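Reading through the structure tokens given below for one structure.
Throughout, a chain's letter reflects where its sequence line sits, starting with A, and its residues are numbered from 1. Since we're looking at a predicted model, the values are computed, not measured.
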Protein chains: 2
Amino acid sequence: MGTVSNVLNRPEAVSPATRERVQTAIAALGFVRNESARHLRAGRSRTIGLVVLDIANPFFTDVARGVEDVAAAAGLAVMLCNSDDRADREAAHLDVLTEQRVQGVLITPTAELSPHVEALRSRGTPVVLLDRRATGPDQCAVAVDDALGGRLAADHLLERGHRRIAFIGSSGLPQVHERHDGVAAAVREGTGSTEALTVFSPAHLTVAGGREAAAQIIGLPAGRRPTAAVCANDLIALGVLQEMVRHGVRVPEDFAIVGYDDIDFAAAAAVPLTSVRKPRVELGRRAVELLLDEASDPDHQHSQPVFEPTLVVRESSMVRRPSRTVVSGGIG
Amino acid sequence: MGTVSNVLNRPEAVSPATRERVQTAIAALGFVRNESARHLRAGRSRTIGLVVLDIANPFFTDVARGVEDVAAAAGLAVMLCNSDDRADREAAHLDVLTEQRVQGVLITPTAELSPHVEALRSRGTPVVLLDRRATGPDQCAVAVDDALGGRLAADHLLERGHRRIAFIGSSGLPQVHERHDGVAAAVREGTGSTEALTVFSPAHLTVAGGREAAAQIIGLPAGRRPTAAVCANDLIALGVLQEMVRHGVRVPEDFAIVGYDDIDFAAAAAVPLTSVRKPRVELGRRAVELLLDEASDPDHQHSQPVFEPTLVVRESSMVRRPSRTVVSGGIG
DNA sequence: AGCAGCGCGTGAAACGTTTCAGGATGCCTG
DNA sequence: CAGGCATCCTGAAACGTTTCACGCGCTGCT
């Protein structure tokens with residue numbers, strides 16, 4: 001009935017008497033609007049999608065918190081989807097979101113950019129990349145200067161006297177690649193050598209992945225073993241820490257560790273972790289703001305803010321190496 | 001068009017030629033079904049809601065993983081909602097889920113059972129309580145025997161010689177209350193005294209809440225200070241640990257800590273945490289299974305499985321107190 | 001007193017899908 | 001060759017909401 005709709009949406013257009021009567025009826029019947037019907041009629045839904053790489057990584061739950069705050073304030077529901085860094089799961093989630101005709105999608109994509117993302121955009125659905133740089137100027141993206149982050153981490157270790165450094169992180173993700181490049185550049189400039197950096201690529205960016213990489217490092221002959229590691233995220237760093245401790249390798253005395261993201265658990269670790277801090281909640285908030293603008297403003301200008309990370313120094317890297325100012329990464 | 005619908009839903013009812021033709025057209029136009037229209041017509045949606053107390057608590061993300069696994073296998077999308085232990089946010093989420101006519105809701109409710117939950121059930125929407133006992137026989141619930149969990153934790157500490165024990169957890173949540181009761185019963189039986197147990201109720205079941213309680217404990221005169229704590233969850237335990245370490249209190253020598261949930265980070269803590277393990281993923285899986293049964297089976301029998309927790313002993317409680325077999329909690 | 005205009009309520013159409021009755025076509029059988 | 005039947009497609013109705021045109025009755029102005 002038209003009047004009911006008016007009572008709910010434009011109560012001022014209904015006489016007080018009728019309004020009252022309708023509201024009583026609504027309360028008595030326990031009537032609740034059917035969102036699907038509203039959506040069907042309106043052509044636009046009141047939901048946005050958020051697709052993350054790993055829901056078990058507190059970094060992403062913090063981002064999600066920022067997303068939910070802003071979305072809720074705008075009256076939007078959030079569908080939180082976990083791709084687990086698998087393209088097929090990501091695609092499946094994107095299909096569902098497409099069928100639901102969500103108003104927009106925030107996504108930290110898996111390694112390769114799925115055609116499903118393009119399909120969404122070509123339908124006119126705004127897509128904002130999260131913690132990932134845009135591939136072109138025609139879309140919004142909220143990113144972090146990961147080359148800088150990598151550089152901060154590496155410079156810190158170099159300053160402490162480390163001359164054989166490991167970078168631990170799978171190679172697929174561009175943001176991880178950027179971190180690696182930052183580390184590599186800093187190490188090259190700091191040591192004059194390209195051999196001072198060893199790269200380890202565990203299968204996943206998880207605690208288990210960290211343990212796996214640490215086991216490899218421990219397996220190296222002492223002379224070629226790195227004395228410190230920059231990890232692609234804090235989960236890896238925690239895994240490395242666990243495995244080192246388990247094998248009696250002292251952190252930071254025998255091996256220094258720097259994580260990335262600065263999740264809350266980094267500070268609570270067996271040895272509190274030095275980490276590269278990103279504005280987690282703010283990333284999420286900002287991403288939704290861009291999404292909302294793109295969805296509502298007809299002459300929306302795409303925007304690609306890049307946040308600056310900072311280094312938070314804690315115990316896991318707080319030792320100065322005996323100062324042999326050897327420049328090349330030779331046998332030590 | 002009816003034929004298109006048939007091609008998508010009952011392809012065998014369409015001649016191969018037409019089928020082919022329609023599929024080509026679908027691909028060419030990038031046609032994607034409108035889920036809202038399907039839902040409107042069908043009367044039932046293909047979405048379920050999951051409302052958790054704290055998305056930043058890894059316990060709940062592990063539960064969510066179990067939920068997603070089973071839901072995805074059944075072709076259902078999951079709306080993950082975070083109530084942050086606030087009744088108003090929970091109510092808002094439940095309203096949204098009601099408007100979306102979700103097929104069912106899994107919820108770990110805040111302290112008091114919201115009337116919104118009853119409203120949902122009276123509309124015929126199945127609601128399964130998660131990590132929470134049912135209030136009556138007329139609903140499904142997946143719970144853990146938290147009295148047993150509390151008992152396991154307390155017995156362990158008593159066995160190690162502790163005679164003044166703290167329980168740290170806000171009083172509002174029934175599951176926390178049950179843990180407390182288990183601890184209290186064990187302490188009473190083990191010491192013959194009711195004064196051996198002190199309860200601390202931080203504002204939230206978070207790391208910050210743990211720090212808050214630890215500060216209180218540290219503030220007590222040495223003679224009345226507990227020598228160990230059972231925490232209502234692992235986040236609290238981590239907070240307690242941090243604060244103790246910060247104040248130079250040695251764990252476990254000066255103060256033993258037992259957590260609850262056994263999240264992955266418990267093992268990675270500064271001092272690896274003894275914790276009461278719950279089958280996290282399994283809780284989620286089971287909850288969805290019950291939900292699906294209730295939603296589809298006309299003569300569904302409500303079921304209220306209770307899982308048994310186990311104690312995982314780690315370093316945070318691994319010291320035997322000097323064996324003064326004092327029975328009452330006197331000045332020590 | 002008559003009419004313009006306003007305030008409010010009514011009813012129908014439309015959103016995109018599924019379902020189902022009905023109709024067209026062609027084949028088989030008697 | 002006619003009747004019956006199976007196969008496949010077509011068209012209309014329905015889901016619940018919003019929107020919009022319309023119409024009714026009242027107020028106030030001339």
- Can you sort out which residues in residues 19-46 of chain A have a heavy atom within less than 4.0 Å of DNA chain D? Ascending by number, please. F31(A), V32(A), R33(A), N34(A), A37(A), R38(A), R41(A)
- Note on the structure: Assert: residue with more 5' nearest nucleotide on DNA chain D, out of R101(B) and V14(B), is V14(B)
- Query: Can you tell me how far C1' of dC8(D) sits from CG of N9(B), to the nearest Å?
  - Reply: 17 Å
- Spacing between E12(B) atom CD and dT7(D) atom P, to the nearest angstrom: 12 Å
- Query: Contact class for V4(B) vs. all strands (heavy atom < 4.0 Å): base, sugar-phosphate, or nothing?
  - Reply: nothing
- May I have the step-by-step check of side-chain contact (heavy atoms from CB on, under 4.5 Å) for L50(A) and L130(A), ending in yes or no? CA-CA 9 Å; L50(A) 168 60; L130(A) 230 178; 3.5 Å; yes
- At their closest point, which heavy atom of P58(B) faces which heavy atom of L235(B), and how far apart are they? CD-CD2, 4.2 Å
- When you check the side-chain N and O atoms of N233(B) and R179(B), is any donor under 3.5 Å from an acceptor? no
- In whole angstrom, what separates N6(A)'s CG from dC20(D)'s C1'? 10 Å
- Item | Closest non-hydrogen atom pair between A56(B) and R65(A), with its separation | CB-NH2, 3.6 Å
- Indicate yes or no: does D145(A) engage K278(A) in a salt bridge with an N to O separation below 4.0 Å. no
- Query: Across the strands shown, which category fits S5(B) at heavy-atom distances under 4.0 angstrom: base, sugar-phosphate, nothing?
  - Reply: base
- Query: Nearest to the side chain of T3(B) - dC8(D), dT18(D), dT10(D)?
  - Reply: dT10(D)
- Taking atom C1' of dT17(D) as reference, at what distance in whole Å does atom CG of L8(A) sit? 10 Å
- Message: Given 3.5 Å as the limit, does a donor-acceptor pair link the side chain of S45(A) with the main chain of H39(A), or not?
- Response: no
